[in-house]
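The block underneath contains the structure these notes are about, expressed in structure tokens.
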Amino acid sequence: MSESTHGMWSSRLMFILAAAGSAVGLGNIWRFPYVAGENGGGTFVIAYLACIFLIGVPIMIAEIVLGRAGRKSPINTMQDLTARSGARSGWQVIGWMGAIAGFMILSFYSVIAGWSLAYLFEMASGVFVGAGGDFASAQFGGFTGNVWVVVGWHSLFMLLTTFIAARGVGKGLEATVKCLMPALFVLLILLVFWAAISSGHFVEGMSFLFAFKTDQFSGDSMLIAMGQAFFTLSLGMGAIMAYGAYLPKGTSIVSSAVTIAVLDTAVALLSGMVIFPIVFAHGLEPSAGPGLMFITLPLAFGQMAGGQLFGTLFFLLVSFAAITSAISIGEPAVAWLVEKVKVTRVTGAIAIGGLAWLLGLGSAFSFNIWSDVTLLPGRSFFDTMDFVSNNVILPLGGILIGLFAGWFLDQQILAEQLEGTPEIVIKLLRVLMRVIAPVCIFVVFVMTFVG
Ligand code: TRP
């Protein structure tokens with residue numbers, strides 16, 4: 001098939017913007033700086049880069065290849081490709097697992113993204129101007145502790161996501177990334193310059209991000225680096241596969257994937273370059289954990305000249321990044337519903353958005369009325385969703401995608417999709433896809449459960 005029934009990206013650039021929009025999200029701006037901060041800065045960055053390029057890029061290429069070869073939702077693409085390859089139908093589990101993981105990720109992602117929206121408005125209103133540390137943490141605690149407020153922002157974010165998804169691939173997804181991604185890059189560059197000039201601690205921030213501190217890099221850090229690589233590149237659940245289904249024929253998959261990974265990595269590193277100089281300028285802890293973005297940063301912004309404006313721009317950046325990611329998390333399920341039940345895009349988007357919203361209530365409650373409730377031992381509803389999707393389903397999905405594309409897919413199909421790629425690159429890719437990536441993921445995966 002040369003076209004998808006859902007629509008197509010109008011150019012290679014639009015695909016790259018959409019996939020980069022999916023990849024660049026809370027994972028880059030909220031999560032990357034604090035996990036790097038907790039795991040030894042520069043040493044973690046090296047491990048993370050290795051995971052991105054040795055494991056992430058090959059799996060991303062595999063997802064795009066499968067998506068473009070099938071041209072349908074991941075569930076039906078897998079059904080199609082297993083049939084065409086004479087492989088066992090059990091491989092279709094890749095599509096199903098992905099759809100389930102998508103619900104789980106979208107549900108808690110929307111809660112955190114809702115916080116970012118809320119902080120956008122708080123920053124703009126000047127609540128944090130001149131605020132001290134106690135105020136910033138009390139503010140965060142009071143905010144997340146109020147069930148109505150958290151549910152309200154979660155609902156607003158899900159509504160936005162559903163609205164864009166309902167408008168379809170061209171008028172919804174592409175139109176959104178076309179505006180928001182360039183804006184995102186401009187905002188980020190602006191913030192880097194501001195942090196560099198006004199913090200007076202740029203060098204300290206940079207050396208934290210790039211200097212080796214092996215003593216803080218524990219055994220777990222490697223696992224965290226790999227989990228982060230998967231999450232940040234949106235891999236393992238078919239989001240990129242769904243986007244690959246809309247990629248025009250004749251564009252190079254390999255160079256697109258490398259471009260997307262480079263952009264994503266650049267945003268993560270640049271976010272670190274904004275955040276750490278600000279953190280150091282105020283003598284704050286770089287390893288503050290998940291509160292880094294919602295407590296430490298507002299505090300720092302409140303203390304700095306121009307902080308109200310640049311703080312507002314910062315949370316605008318985060319909100320843009322979150323929305324272009326959220327639409328990709330829901331896409332596999334929306335596309336499947338449209339294909340399977342033959343509903344319109346609008347109905348499909350509302351159904352998926354509504355279900356994810358409902359599931360998200362559990363995560364929203366985890367910070368207030370359900371703060372004592374555990375789903376898995378010692379894990380709140382929110383932590384359970386995060387853990388099961390990121391640490392179980394995504395790696396497992398990654399292994400299966402690599403193995404399927406490398407061993408079981410009709411290799412004629414692989415060759416067609418990678419046409420134009422130098423022979424030596426294809427050889428290298430196949431080794432990475434079918435052996436190195438699955439083995440590495442498996443080792444890390446097992447270590448997560450043993451250690
Ligand atoms: N990559 C996004 C981020 O860094 C999140 C995301 C979007 C995602 N789509 C995904 C994560 C699919 C896993 C799977 O925030």
Side-chain angles (χ1 to χ4, degrees), residues 23-49 51-52 105 108-109 111-116 119 133 136-137 139-141 143-144 188 191-192 195 199 201 204-211 213 215-218 220-233 264-301 311 314-315 317-319 321-322 325 363 366-367 379-380 382-383 385-387 389-391:
V24 171
L26 296 171
N28 303 60
I29 310 174
W30 165 66
R31 206 159 178 276
F32 172 79
Y34 89 74
V35 292
E38 286 175 338
N39 292 281
T43 317
F44 178 86
V45 172
I46 301 289
Y48 165 80
L49 288 178
C51 291
I52 292 277
I105 297 174
F108 72 79
Y109 203 82
V111 173
I112 308 275
W115 297 358
S116 315
Y119 268 66
S137 26
Q139 185 75 9
F140 184 63
F143 168 75
T144 51
L188 187 60
L191 282 159
V192 173
S199 71
H201 287 68
E204 204 181 329
M206 291 288 277
S207 76
F208 176 77
L209 207 48
F210 295 110
K213 283 175 292 290
D215 52 316
Q216 286 167 28
F217 191 81
S218 67
D220 268 0
S221 301
M222 196 60 222
L223 318 183
I224 297 173
M226 194 192 76
Q228 175 63 16
F230 258 81
F231 187 80
T232 193
L233 291 178
D264 183 74
T265 305
V267 173
L269 294 175
L270 288 170
S271 302
M273 289 182 208
V274 174
I275 291 175
F276 291 122
I278 300 179
V279 166
F280 286 118
H282 295 88
L284 302 166
E285 269 306 311
S287 57
L292 186 64
M293 193 171 95
F294 293 105
I295 300 173
T296 312
L297 274 192
L299 168 65
F301 281 125
F314 179 83
F315 281 98
L317 166 82
V318 178
S319 302
S325 295
S363 292
S366 297
F367 300 92
R379 288 177 208 275
S380 68
F382 176 90
D383 291 337
M385 290 296 133
D386 182 8
F387 177 80
S389 55
N390 285 344
N391 297 357

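Nearest heavy-atom pair, Phe208 versus Ala36, reported as atom, atom and distance to 0.1 Å: CZ-O, 4.3 Å. Residues Phe108 and Met385 come closest through the heavy atom pair CD2-CB, 3.7 Å. Residues Ser116 and Met293 share a closest heavy-atom pair of OG-CE, 4.1 Å. The minimum heavy-atom distance linking Phe382 with Ser366 is given by the pair N-OG, 3.0 Å. Taking all atoms of both residues into account, the shortest heavy-atom contact from Ala268 to Asn28 is N-ND2, 3.9 Å. Counting all heavy atoms, side chain and backbone alike, Ser271 lies closest to Ile29 at OG-CG1, 3.6 Å.
Going from atom CE of Met273 over to atom CG of Leu188 covers 9.5 Å, rounded to the nearest 0.5 Å. Annotation: the span from Phe280 atom CZ to Met206 atom CE amounts to 12.5 Å, rounded to 0.5 Å. Expressed to the nearest 0.5 Å, how far CD1 of Ile275 lies from CG of Leu191 amounts to 9.5 Å. We find the OG1-CG distance between Thr296 and Leu284 to be 6.0 Å, quoted to the nearest 0.5 Å. Rounded to the nearest 0.5 Å, atoms CZ (Arg31) and CD1 (Ile112) are 10.5 Å apart. Rounding to the nearest 0.5 angstrom, the gap separating the CG atom in Leu299 from the CD1 atom in Ile278 is 11.0 Å.
Evaluation of the side-chain hydrogen bond (donor to acceptor under 3.5 Å, both in side chains) rule for Glu285 yields Ser287 as partners, not counting sequence neighbours. Checked against side-chain hydrogen bond (donor to acceptor under 3.5 Å, both in side chains), Asn39 has the following partners two or more places apart in sequence or in another chain: Ser221.
With a 4.5 Å cut-off on side-chain heavy atoms, Met222 and Phe217 count as touching. Looking at Phe231 and Ile105, their side chains come closer than 4.5 Å, going by heavy atoms from C-beta outward. With contacts defined as side-chain heavy-atom distances shorter than 4.5 Å, the pair Phe32/Phe44 qualifies. The side-chain heavy atoms of Phe367 and Trp115, taken from C-beta on, include a pair separated by under 4.5 Å.
Thr232 and Asp264 form a side-chain donor-acceptor contact under 3.5 Å, judged by distance and modelled atom types alone.
The six-membered or imidazole ring of Phe294 lies away from that of Phe143, with a centre-to-centre distance of 6.0 Å or more. Taking the six-membered ring for Trp, Tyr119 and Phe314 have ring centres at least 6.0 Å apart.
At least one donor-acceptor pair closer than 3.5 Å links the side chain of Tyr109 to the backbone N or O of Leu26. The closest donor-acceptor contact from the side chain of Ser319 to the backbone of Ala113 lies at 3.5 Å or more, if one exists at all.
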